[in-house]
Amino acid sequence: MERYNFKTVEEKWQEKWQKSGVFRSKIDRTKEKFYCLEMFPYPSGKIHMGHVRNYTIGDVLSRYKSLQGFNVMHPMGWDAFGMPAENAARENSLDPKEWTNKNISTMKDQLKKLGLSIDWEREISTCSEEYYKHQQIFFLELYEKGLVYRKENYVNWDPVDQTVLANEQVIDGKGWRSGAVVERKKLNQWFFNISKFSQELLDGLDDLKKWPNKVKVMQKNWIGKSFGCEIAFKTEGDLPVKEIKCFTTRPDTLFGFSFLALSVDHEISKYFLNDKKFQEFKSECSKTGTTEEAIAIGEKIGFKTNLQAINPLNPSQKVPVFFANFVLMDYGFGAVFGCPAHDQRDFDFAKKYGLDIKTVVRPEEENENFEVKDEAYSGPGVLINSEFLNKLKVPEESVLKTIDILEEKKIGQKQINFRLKDWGVSRQRYWGCPIPMAYDEHGNVRTIPKENLPVKLPENVNLNSKGNPLDSKLDWKNIIIDGKKYIRETDTLDTFVCSSWYYLRFCSSDNSEYGFKQEEIDYWMPVDQYIGGVEHAILHLLYSRFFMKALGYKNENFKFNEPFEGLFTQGMVCHETYKDQNNNWLSPDEIELVGDQFFKKGDSKHLVKVGPSESMSKSKKNVIDPENIIKNYGADAVRLFILSDSPPEKDVQWSDQGMMASYKFLQKLWILHNKIKEKIENEFSESKESESLEKFTNQMINKITNNLEGFNYNVIIANIYETYNFINKIIEKKIDGRIIKNNYQKILILFSPAIPHFAAECLEDLKSKEEIKWPKANKNLIEDDKIDYVIQINGKKRAILNESRDIEQDSLMDKIKLNKLSNKYLKGKSIYKIIFVKNRLINLLINE
RNA sequence: GCCCUCGUGGUGAAAUUGGUAGACACAAAGGACUUAAAAUCCUUGCCAUUUAUGGAGUGCCAGUUCGAGUCUGGCCGAGGGCACCA
């Protein structure tokens with residue numbers, strides 16, 4: 001017998017699969033379809049362990065579904081636009097396209113070596129013209145439907161690099177590249193009107209039964225629906241302002257009104273343009289706004305105006321109007337009515353500026369004299385000090401009742417507000433999908449005619465120019481449409497747009513007419529199982545859901561409006577972190593174990609500091625390169641390990657020993673395979689072991705099938721080990737060759753989603769003529785005739801009796817009386833109650 | 001601050017949903033084979049004088065139950081999400 005040579009076996013099967021085209025997917029209406037999709041990778045250069053885990057999970061599912069007879073589509077593509085390409089190209093004086101395509105081809109080879117059951121004929125790359133052409137068409141369609149518009153918005157502006165920065169590129173208020181202090185700048189940008197679908201996006205979550213609850217909760221909070229009331233406050237003062245509108249969820253606390261606060265960007269601020277003190281205040285506000293933490297603990301500051309607001313329910317009460325740093329312009333009306341007693345933020349503000357704090361809600365258990373002291377009270381209770389509103393229950397009666405009164409008086413109106421803001425899609429960058437728009441000399445917008453699409457990204461641009469390289473590419477920027485001069489839009493689309501519809505493109509990846517073919521998406525969509533990292537819980541998944549709804553908007557051909565029926569979010573791959581004596585990160589390759597301590601290789605003096613296990617990242621150097629691992633141990637061993645140690649939804653620790661163990665296990669399995677083969681060919685005698693093998697196999701079919709359905713992939717690996725242990729124990733005994741062949745073949749099929757090359761090789765080696773399909777358990781063979789009955793006395797386990805299935809209570813009692821162990825406890829005691837659970841246990845209650 | 005999730009051996013984790021806690025694996029210790037090492041195989045796993053036997057035991061404290069890792073209430077701890085959303 002030869003050693004198991006994973007290299008030749010894996011290469012052989014990968015080639016076979018490719019040649020025979022088993023993973024090609026075509027519409028077949030006689031079969032039920034299954035669309036399995038993993039989040040496509042960004043082509044950064046090499047695949048990492050996170051990819052290995054993500055795609056292994058998807059592959060196990062795809063292969064299982066195929067074996068079950070589903071018509072599976074399992075495609076792969078590349079999220080190929082984005083900044084890293086532009087940065088890498090700039091650093092190495094390369095073309096982003098070349099850099100990207102080179103990475104794609106490297107990573108594709110790496111993925112192929114994992115033995116994934118991918119239909120590569122459907123491969124797409126978002127940076128190809130064939131892809132982004134359709135995206136531009138969609139953009140124009142959404143524009144026509146009124147779902148795309150232009151508006152001025154603040155951006156992070158790097159004055160040195162003359163470019164817009166994403167939030168994560170702003171570090172301590174400075175540009176990550178230039179180190180210049182980042183400014184807030186208003187730019188005209190394109191927006192998708194996602195907020196129009198707020199309610200629909202919220203309602204849709206209820207239908208997503210196969211999504212993790214966690215993700216749905218996150219999206220729900222992000223959409224942030226709140227029910228309340230818009231109130232128009234009359235004002236008095238030396239400004240030509242008669243009224244200020246506020247949104248509130250607590251109109252019932254109106255009698256506790258003590259100030260009104262405005263955003264510094266509120267339209268009223270126009271009267272303060274020449275007020276130096278106000279301008280100082282405004283710049284003070286923008287300073288505190290950089291980090292999230294600063295906002296959270298940041299002090300509440302205000303700027304008092306001469307305006308006074310009148311309480312609509314109590315016109316004799318007039319309160320001051322402030323500008324305040326905590327009021328956001330893009331929520332509600334950019335104005336807040338302040339009730340310090342029942343809102344902590346208002347409370348803090350009132351304390352600072354010595355404003356009234358009037359209690360108008362008491363908790364149920366307090367009396368009428370209850371007063372808010374050290375902190376605001378925002379819980380339920382009863383209204384007090386509120387004249388005609390007194391005694392209303394908070395919040396169930398009070399809110400609606402107050403709104404009714406306000407509506408009657410025509411001062412207020414029921415309103416629903418969402419936190420979700422429109423999606424700004426403009427990026428001042430080169431390596432993205434061009435926006436198919438143009439401007440005439442007066443700045444008027446027009447669309448690029450559809451017949452002129454795609455608007456191709458120009459080549460040979462100067463990436464080292466200041467700002468967006470497209471801005472200085474004049475021969476591209478200046479165009480003539482219908483004999484008139486125009487300037488192209490030089491912003492490109494956010495790359496999240498590319499990933500918002502790629503799942504549709506896979507259904508019709510070769511269709512040049514349009515982004516997809518109706519009949520093809522009707523067959524394949526929605527994605528039955530989508531698999532990826534939880535870090536995309538909000539943006540990518542919400543944008544994709546929006547995109548579906550936007551494409552289906554005013555289009556009755558659309559039969560579904562949720563792209564992903566099932567979602568699975570897998571955990572990260574973690575590894576310990578290491579630092580040398582100077583606190584520089586060290587990679588696992590740079591250290592060695594001496595005794596039980598780590599040292600830097602070739603340096604036996606300085607101990608290496610071992611840090612906590614964290615998600616693998618280049619910056620911390622705690623990465624393991626999948627390429628080396630696959631080369632040394634083979635794809636099946638890596639797959640086995642990456643699945644084995646933790647449930648797929650949780651983080652997994654990388655462990656060299658664990659990896660080694662998986663590798664060795666396959667070697668042992670190969671030895672066992674050869675023993676089995678010998679039995680199949682040489683032995684034909686009935687035995688007890690044959691029977692128990694049959695039983696075991698049928699039980700295992702049930703276990704593995706259930707564990708696959710429940711995504712308990714770590715348990716499947718344990719099941720594989722269990723199977724090995726079981727067969728390895730009985731293989732030396734007499735077993736009928738025909739029985740073992742029949743069962744072993746089923747077992748190999750059960751193994752094949754996890755270790756496909758190994759299983760395929762062994763199956764072929766059996767030379768069986770039977771069809772390879774997912775086995776079904778024979779119910780008659782699953783149940784053991786004998787069962788371990790637990791004998792409890794007063795609830796404590798005292799003995800285990802192996803007796804026949806379905807034994808009656810009386811017969812079992814007879815056996816118990818014969819048993820030494822249990823008798824020890826029963827001697828001289830009387831049993832006053834017996835709890836008998838069929839085929840499981842018996843609990844005898846005795847007097848002590 | 002608000003919301004969500006999770007606490008099981010030295011470690012990663014199982015547990016048919018209320019019925020034998022610790023499957024499977026890693027690590028460790030002891031043993032077998034070997035001149036030796038590696039590899040391989042076997043045993044152990046917390047406490048009590050033992051491969052027998054008993055006890056404690058699933059973050060802590062109560063409760064429901066014949067029976068709780070699983071259900072209920074309270075507390076403690078860890079991780080994640082949101083960030084002044086009116």
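Chain A is the first sequence line, chain B the second, and so forth, proteins listed ahead of strands; every chain is numbered from 1.
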Atom-pair distance ([atom1] on [X]; [atom2] on [N]), nearest Å:
{"X": "A:Ile704", "N": "B:U16", "atom1": "CD1", "atom2": "C1'", "value": "16 Å"}
{"X": "A:Leu542", "N": "B:C82", "atom1": "CG", "atom2": "P", "value": "13 Å"}
{"X": "A:His575", "N": "B:U11", "atom1": "NE2", "atom2": "C1'", "value": "15 Å"}
{"X": "A:Phe349", "N": "B:G1", "atom1": "CZ", "atom2": "P", "value": "23 Å"}
{"X": "A:Phe323", "N": "B:C84", "atom1": "CZ", "atom2": "C1'", "value": "18 Å"}

Rounded [atom1] spacing from [N] to [M] in Å:
{"N": "B:G59", "M": "B:U65", "atom1": "P", "value": "23 Å"}
{"N": "B:G22", "M": "B:G9", "atom1": "P", "value": "14 Å"}
{"N": "B:U8", "M": "B:C24", "atom1": "C1'", "value": "15 Å"}

Backbone of A:Tyr724 reached by a side-chain donor or acceptor of A:Asn728 within 3.5 Å
no

Ignoring hydrogens and angles, tell me if any N or O in the side chain of A:His342 forms a donor-acceptor pair with the backbone of A:Tyr377 under 3.5 Å.
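Answer holds: yes.
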
Where the side chain of [X] is defined as all heavy atoms beyond and including C-beta, which of [options] is the nearest nucleotide?
{"X": "A:Pro647", "options": "B:A14, B:A83, B:U20", "result": "B:A14"}
{"X": "A:Asn843", "options": "B:G67, B:A86, B:C24", "result": "B:G67"}
{"X": "A:Arg419", "options": "B:A14, B:G19, B:C82", "result": "B:C82"}
{"X": "A:Asn725", "options": "B:A25, B:U20, B:C84", "result": "B:A25"}
{"X": "A:Asn325", "options": "B:C82, B:C84, B:A86", "result": "B:C84"}
{"X": "A:Val217", "options": "B:C26, B:C4, B:U40", "result": "B:C4"}
{"X": "A:Ile835", "options": "B:C66, B:A86, B:C24", "result": "B:C66"}

[X] ring center near [Y] ring center (under 6.0 Å):
{"X": "A:Phe758", "Y": "A:Phe751", "answer": "no"}
{"X": "A:Trp211", "Y": "A:Phe568", "answer": "no"}
{"X": "A:Phe349", "Y": "A:Phe322", "answer": "yes"}
{"X": "A:Phe247", "Y": "A:Phe333", "answer": "no"}

Near RNA chain B, which residues from residues 648-658 of chain A have a heavy atom under 4.0 Å away?
A:Lys650, A:Gln657

Check: B:U16 base within 3.5 Å donor-acceptor of A:Arg840 side chain:
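Answer yes: a donor N or O sits under 3.5 Å from an acceptor.
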
Base of B:A86 paired with side chain of A:Arg345 (donor-acceptor, under 3.5 Å)
yes

Using ring pair (Phe, Tyr, Trp, His ring centres under 6.0 Å), reason through A:Tyr713 and A:Phe711 one step at a time and then give a plain yes or no.
CA-CA 5 Å; A:Tyr713 290 179; A:Phe711 272 106; 5.3 Å; yes

Check RNA chain B for consecutive Watson-Crick or G-U pairs with both distances under 3.5 Å and list the runs of at least three as stems.
B:1-7 with B:76-82, B:10-12 with B:24-26, B:28-32 with B:40-44, B:46-48 with B:53-55, B:59-63 with B:71-75

Do the side-chain N or O atoms of A:Ser226 get closer than 4.0 angstrom to the phosphate oxygens (OP1, OP2) of B:A86?
yes

Reckon A:Lys796 has a side-chain N or O less than 4.0 Å from the OP1 or OP2 of B:C66?
no

Only pairs at least two apart or in different chains count here, so list each salt bridge (Lys or Arg N to Asp or Glu O under 4.0 Å) that has a residue in residues 217-230 of chain A.
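Applying salt bridge (Lys or Arg N to Asp or Glu O under 4.0 Å) to every pair that reaches into residues 217-230 of chain A, excluding sequence neighbours, yields A:Glu230-A:Lys245.
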
Touch check for A:Lys664, heavy atoms < 4.0 angstrom, all strands: base, sugar-phosphate only, or nothing?
sugar-phosphate

